[in-house]
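As structure tokens, the structure follows; a few thoughts come after it.
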Amino acid sequence: MTDSWRPARGRVVCIGETMAALAPDPPAPLGDARRLRLSVAGAESNVAMYLADLGVSATWLSALGDDPLGSRVRAAVAASGVEVTHVRTDPDRQTGLMFKDPAPTGTRVHYYRKGSAASALGPDLLDLEVLRTAAVVHFTGITPALSTSCRELVTRALAVPAAERPYAISFDVNHRAPLWPKDTTASHVLRSLAGRADIVLVGLDEAQDLWGTNLTATGVRELLPEPRIVVVKDGSREATAFTDAGAVKVPALRAAVVEPVGAGDAFAAGFLAGMMRGEPMNRALRMGHITAVSALQVTADHGPLPPPSTVDQFLVLTDKEWEAYEEPPRSAIKRREDGHRGAKPA
């Protein structure tokens, strides 16, 4: 079985809001935290930063307030090797802010983004020259939830038939229920938008929340028959990619989880990087899993990747070797290399 389609190689443009983010350091409930760490958080910029880490040219398009937090966000994203020259500075609106509140039952996120600079983004953004020269444009379902103009931006981009677009469109469903207006049916909007993309990424749990509790990965594909590629992520278990050539399933790497926020963005970046490198589907899914582990093991949204040599070695493991690992890629490869030199595992 061979893959019949993949995006062209080139620049990926990621469009969406990034906020300043505060989180307890070390992780603890906000009410008990003695120290907070300032970082940046945004699904689309997370993807752009991981793409840059993986050697893919990435541009982030958004808007920030003319304030210190906006300057901090812009500098942090740029420091990862992402082009930010087209990010607008809005003198009348603030940069969004979020707080992470870790708890044993999961991390709660508190948003302060209403009326932010990025919420004023609109369809005029699609006229920028940088988009005309992109190989892939990446959106998430967060952007259409932010405002009417943001929804028009994503809708307008996806209204152009796939055969007529100068770039492929990647769409991560990324459903965030608290962001959606009460008078809007998120399930209908997100299904409509996802159905027009070239590449769709969605968690099985969020698909079930949106479109039916009994939905399976195959059922998601049946619900979204038009995209060239649909990737369904089933948490810590596996990810399945559906194309017109069939379905490819790859188990997730088992690893200790420090904080799960940002892992989905990391997976999306790893998968897209694999596609654009020309990797076969199973290796592209492996790159998604490897990159996701890097996010799972830090409290920030963006964590350090293993060295390229480590990634490459993981890609050529047999299926049995891949499924056997229960450690992060960096540690597992070190053990494997030590074993080849005759050393005993620690």
Side-chain angles (χ1 to χ4, degrees), residues 1-7 47 50 54 136 138 168 170-175 191 194-195 197-255 257 260 263-296 306 310-329 332-333:
M1 184 182 298
T2 59
D3 304 330
S4 58
W5 178 88
R6 63 185 61 251
V47 172
Y50 276 117
L54 291 163
V136 176
H138 180 73
S170 166
F171 185 79
D172 190 336
V173 172
N174 227 331
H175 179 225
R191 180 178 175 182
D198 296 286
I199 302 170
V200 175
L201 300 109
V202 61
L204 181 58
D205 56 347
E206 65 182 344
Q208 291 170 340
D209 288 341
L210 285 166
W211 304 315
T213 55
N214 295 322
L215 208 58
T216 62
T218 301
V220 174
R221 177 52 164 172
E222 292 171 350
L223 199 68
L224 300 171
E226 294 301 324
R228 301 175 190 267
I229 301 172
V230 173
V231 178
V232 182
K233 301 166 291 178
D234 190 4
S236 61
R237 288 172 286 279
E238 62 194 18
T240 307
F242 297 90
T243 71
D244 59 4
V248 177
K249 184 182 299 184
V250 174
L253 284 168
R254 287 170 287 181
V257 177
D265 306 326
F267 182 96
F271 178 77
L272 288 174
M275 285 278 93
M276 300 185 77
R277 274 174 43 161
E279 299 286 359
M281 191 62 68
N282 67 322
R283 293 191 184 185
L285 289 170
R286 285 189 180 189
M287 285 188 67
H289 288 312
I290 292 167
T291 312
V293 166
S294 297
L296 290 170
T310 298
V311 175
D312 290 341
Q313 290 185 59
F314 254 72
L315 296 181
V316 300
L317 294 179
T318 66
D319 291 344
K320 186 175 181 179
E321 288 176 320
W322 172 270
E323 293 178 23
Y325 282 116
E326 299 183 26
E327 300 174 275
I333 285 292

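Any value given below was found using the heavy atoms of this structure, including those in side chains, with hydrogens, waters and symmetry copies removed. Small disclaimer: the values here were computed from a predicted structure and weren't measured.
Side-chain atoms of V232 and V202, non-hydrogen and from C-beta on, do get closer than 4.5 Å to each other. Using a 4.5 Å heavy-atom threshold, the side chains of P7 and D198 count as separate. You'll find the side chain of R283 reaches within 4.5 Å of the side chain of V316, heavy atoms only. Annotation: side chain of M287 is in contact with side chain of L54 (closest heavy-atom distance under 4.5 Å). With a 4.5 Å cut-off on side-chain heavy atoms, L224 and F171 do not count as touching. When side chains are defined from C-beta on, H289 does not count as touching V293, because their heavy atoms never get closer than 4.5 Å. With a 4.5 Å cut-off on side-chain heavy atoms, T240 and D234 do not count as touching. Residues M281 and I229 are in side-chain contact: their nearest non-hydrogen atoms beyond the backbone lie under 4.5 Å apart.
Closest of all the heavy-atom pairs between S170 and V136 is CB-CG1, 4.0 Å. Residues P227 and G195 approach most closely at CD-O, 3.8 Å, considering heavy atoms. Closest of all the heavy-atom pairs between V250 and N282 is CG2-O, 3.7 Å. Across all non-hydrogen atoms, the minimal contact from D172 to H138 is CB-CE1, 4.0 Å. For the pair D265 and N174, the tightest heavy-atom approach, listed with the atom from each and the gap, is OD1-ND2, 3.4 Å. Residue A252 comes nearest to G235 through the heavy atom pair CB-O, 4.4 Å, listed as atom of the first residue, atom of the second, then distance.
With hydrogens and angles ignored, the 3.5 Å screen pairs a side-chain donor or acceptor of R6 with a backbone N or O of E279.
Taking the charged nitrogens against the carboxylate oxygens, D205 and R237 have no contact shorter than 4.0 Å, which rules out a salt bridge. Classification of D319 and R286 as a salt-bridged pair holds, one side-chain N sitting under 4.0 Å from a carboxylate O.
Within the structure, the salt bridge (Lys or Arg N to Asp or Glu O under 4.0 Å) test picks out no pair touching residues 208-227 (sequence neighbours left out).
Between the CG atom in L272 and the CG atom in L201 there is a gap of 6.5 Å [rounded to 0.5 Å]. Between Q208 atom CD and N214 atom CG the span is 8.0 Å, to the nearest 0.5 Å. For the atom pair CZ of F271 and CE of M276, the computed distance is 12.0 Å after rounding to the nearest 0.5 Å.
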* Check the pair I199 / W5 against side-chain contact (heavy atoms from CB on, under 4.5 Å), numbers first and verdict last. => CA-CA 10 Å; I199 302 170; W5 178 88; 3.8 Å; yes
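In the displayed structure, R191 atom CZ is contacted under 6.0 Å by at most 12 heavy atoms of other residues, nucleotides or ligands.
Remark: P251 pairs with W322, E323 by the side chain to side chain contact (heavy atoms under 4.5 Å, CB included) rule, at least two apart or across chains.
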